[in-house]
Amino acid sequence: MRAETTRSMFRAAAILAGFAVVGALLVAITWQSTAERIAENERAFLLRSLTDVLPDGAYDNAVHEDAITVTDRELLGTDDPVTVYRARRDRQPVAAVLTPVAPGGYSGPIRLLVGVLEDGTLSGVRVVAHRETPGLGDKIEVERDDWILDFTGRRLGQPPREQWAVQRDGGVFDQFTGATITARAVVSAVRDALIYFEANRDRLFSTPAGTHGLAATPDEEGQE
């Protein structure tokens with residue numbers, strides 16, 4: 001009787017192990033068959049997003065390949081390295097696209113693309129990831145509202161730096177009813193990205209592509 005019970009337990013264990021192996025194989029096969037497609041979709045999204053924040057026909061290089069990563073927690077909103085893409089024409093600087101984080105979103109960090117022309121003028125801003133409230137905070141998406149387009153053409157000094165804020169805080173940017181925190185976080189992040197660009201402009205364009213973790217120099221860190 002005991003031997004029969006033992007055999008039954010071994011059979012059950014063997015069946016479960018078989019299901020586990022088959023399940024793991026199916027997951028591995030599915031991942032392998034979709035990884036390339038996912039990577040291609042991510043690349044297409046990146047290229048489309050970069051095009052959205054850069055002026056048409058102003059550059060002739062492969063912007064997505066001319067990239068470095070930089071670090072500056074105070075001005076770029078994260079301890080993690082932030083990618084900066086460079087647009088050039090005849091090898092001369094045209095614009096940089098920074099990818100800062102707005103850490104003060106209502107529901108968490110908001111990831112941005114901030115395009116800045118070589119003279120410091122914003123060429124475009126887009127939100128690429130967020131978890132803000134649908135119907136309120138998601139108006140930062142260009143697909144939901146044209147609010148984000150108000151940044152294009154602005155720069156530090158236009159408006160004056162103290163007016164880089166939502167209207168409720170004495171600034172010039174509209175806020176959303178019920179979602180002021182979201183708009184405030186994005187405005188602050190874009191302003192800080194411009195401050196970072198102004199302080200590091202020359203190094204951003206002269207650093208070789210592929211450089212990782214370029215940090216602000218001590219006298220530039222936190223500069224306003």
- prompt: Val190 and Arg154: side-chain contact (heavy atoms from CB on, under 4.5 Å), yes or no, with the steps?
  reply: CA-CA 10 Å; Val190 175; Arg154 296 187 182 274; over 6 Å; no
- request: Identify the two heavy atoms, one from Lys139 and one from Asp145, that lie closest to each other, and give their separation to 0.1 Å.
  value: O-CB, 3.3 Å
statement: Applying salt bridge (charged side-chain N to carboxylate O under 4.0 Å, His left out) to Asp52 and not counting sequence neighbours gives none
task: First locate atom CD of Glu118, then atom CZ of Arg201, and finally report the distance between them rounded to the nearest 0.5 Å.
output: 5.5 Å
query: Quick check: does any side chain N or O of His130 sit under 3.5 Å from a backbone N or O of Val128, one acting as donor and the other as acceptor?
result: no
- prompt: Does a donor on one side chain and an acceptor on the other come within less than 3.5 Å for Arg11 and Ser8?
  reply: yes
- request: Only pairs at least two apart or in different chains count here, so list each ring-ring contact (aromatic ring centres under 6.0 Å, His included) that has a residue in residues 83-121.
  value: none
message: Going by the rule side chain to side chain donor-acceptor pair (under 3.5 Å), which residues pair with Asp146 if we only count those two or more places apart in sequence or in a different chain?
response: none
statement: Taking every heavy atom of Ala102 against every heavy atom of Ala189, the minimum-distance pair comes out as CB-CB, 3.6 Å
Derivation of the side-chain contact (heavy atoms from CB on, under 4.5 Å) call for Thr182 and Leu136: CA-CA 9 Å; Thr182 304; Leu136 293 174; over 6 Å; no
message: If you compare all heavy atoms of Glu74 against all heavy atoms of Asp192, which two are closest, and at what distance to 0.1 Å?
response: O-OD2, 4.1 Å
- prompt: Can you tell me how far the CZ atom of Arg191 sits from the CG atom of Leu122, to the nearest 0.5 Å?
  reply: 13.0 Å
query: Where the side chain of Trp164 meets the backbone of Gly171, is there a donor-acceptor pair that is under 3.5 Å apart?
result: no
field: Between CG on residue Leu214 and CD1 on residue Ile68, distance to nearest 0.5 Å
entry: 5.5 Å
task: Please identify each residue that fulfils side chain to side chain contact (heavy atoms under 4.5 Å, CB included) with Arg131, with sequence neighbours left out.
output: Ser107, Pro109
message: Show the nearest heavy-atom pair for residues Val101 and Pro103, with the distance to one decimal.
response: O-CD, 3.2 Å
- prompt: So which pairs with a foot in residues 169-183 pass salt bridge (Lys or Arg N to Asp or Glu O under 4.0 Å), sequence neighbours left out?
  reply: Asp169-Arg184
- line: Here the salt bridge (Lys or Arg N to Asp or Glu O under 4.0 Å) pairs for residues 106-115, sequence neighbours left out, are none
statement: Those residues at least two apart in sequence (or on a different chain) that pass side chain to side chain donor-acceptor pair (under 3.5 Å) with Thr121 are Asp119
task: List the steps, then state whether side-chain contact (heavy atoms from CB on, under 4.5 Å) holds for Val114 with Phe197.
output: CA-CA 10 Å; Val114 179; Phe197 177 84; over 6 Å; no
message: Quick check for you: to the nearest 0.5 Å, what is the distance between Leu156 atom CG and Leu194 atom CG?
response: 4.5 Å
message: What's the separation between atom OG1 in Thr180 and atom CD in Gln175, rounded to the nearest 0.5 Å?
response: 5.0 Å
- request: Taking all non-hydrogen atoms of both residues into account, name the closest pair between Arg203 and Thr207 and its distance.
  value: O-OG1, 2.6 Å
- line: Shortest non-hydrogen pair, Leu204 vs Val70, comes out as CD2-CG1, 4.0 Å
task: Spell out, yes or no, whether Phe205 and Ile195 are grouped together once hydrophobic residues are joined by side-chain heavy atoms under 4.5 Å, including indirect joins.
output: yes
For Arg91, side chain to side chain contact (heavy atoms under 4.5 Å, CB included) partners two or more places apart: none
query: For the atom pair CG (Asn41) and CZ (Phe45), what is the distance rounded to the nearest 0.5 Å?
result: 11.0 Å
- line: The residue among Thr78, Leu46, Leu112, Thr83 that forms side chain to side chain contact (heavy atoms under 4.5 Å, CB included) with Thr99 is Thr83
query: Partners of Phe176 by ring pair (Phe, Tyr, Trp, His ring centres under 6.0 Å), sequence neighbours excluded?
result: Trp147
Listing, residues 54-64 side-chain donor-acceptor contacts under 3.5 Å, not counting sequence neighbours, or none:
unit_1	atom_1	unit_2	atom_2	d
Asp60	OD1	Asp90	N	3.3
Asp60	OD2	Asp90	N	3.1
Asn61	OD1	Arg88	N	2.9
Asn61	ND2	Asp66	OD2	3.3
Asn61	ND2	Arg86	O	2.9
His64	NE2	Arg43	NH2	3.4

- prompt: Linking I/L/V/M/F/W/Y whenever any side-chain heavy atoms sit under 4.5 Å apart, do Val142 and Leu50 land together?
  reply: no
query: Would a hydrophobic clustering, with Ile, Leu, Val, Met, Phe, Trp and Tyr connected at side-chain separations under 4.5 Å, put Val82 with Ile110?
result: yes
query: Do the side chain of Glu141 and the main chain of Val127 share a donor and acceptor less than 3.5 angstrom apart?
result: no
task: With sequence neighbours excluded, tell me which residues meet side chain to side chain donor-acceptor pair (under 3.5 Å) with Gln163.
output: none
- prompt: For the hydrophobic clusters of this structure (ILVMFWY residues joined by side-chain heavy atoms under 4.5 Å, transitively), does one cluster hold both Leu117 and Phe151?
  reply: no
message: Please say yes or no: joined through hydrophobic side-chain contacts below 4.5 Å, possibly via intermediate residues, are Val187 and Val116 part of one cluster?
response: yes
query: Would you say the side-chain atoms of Thr69 pair up with the backbone N or O of Gly213, donor to acceptor, closer than 3.5 Å?
result: yes
statement: Arg144 meets the side chain to side chain donor-acceptor pair (under 3.5 Å) criterion, sequence neighbours left out, with Asp138
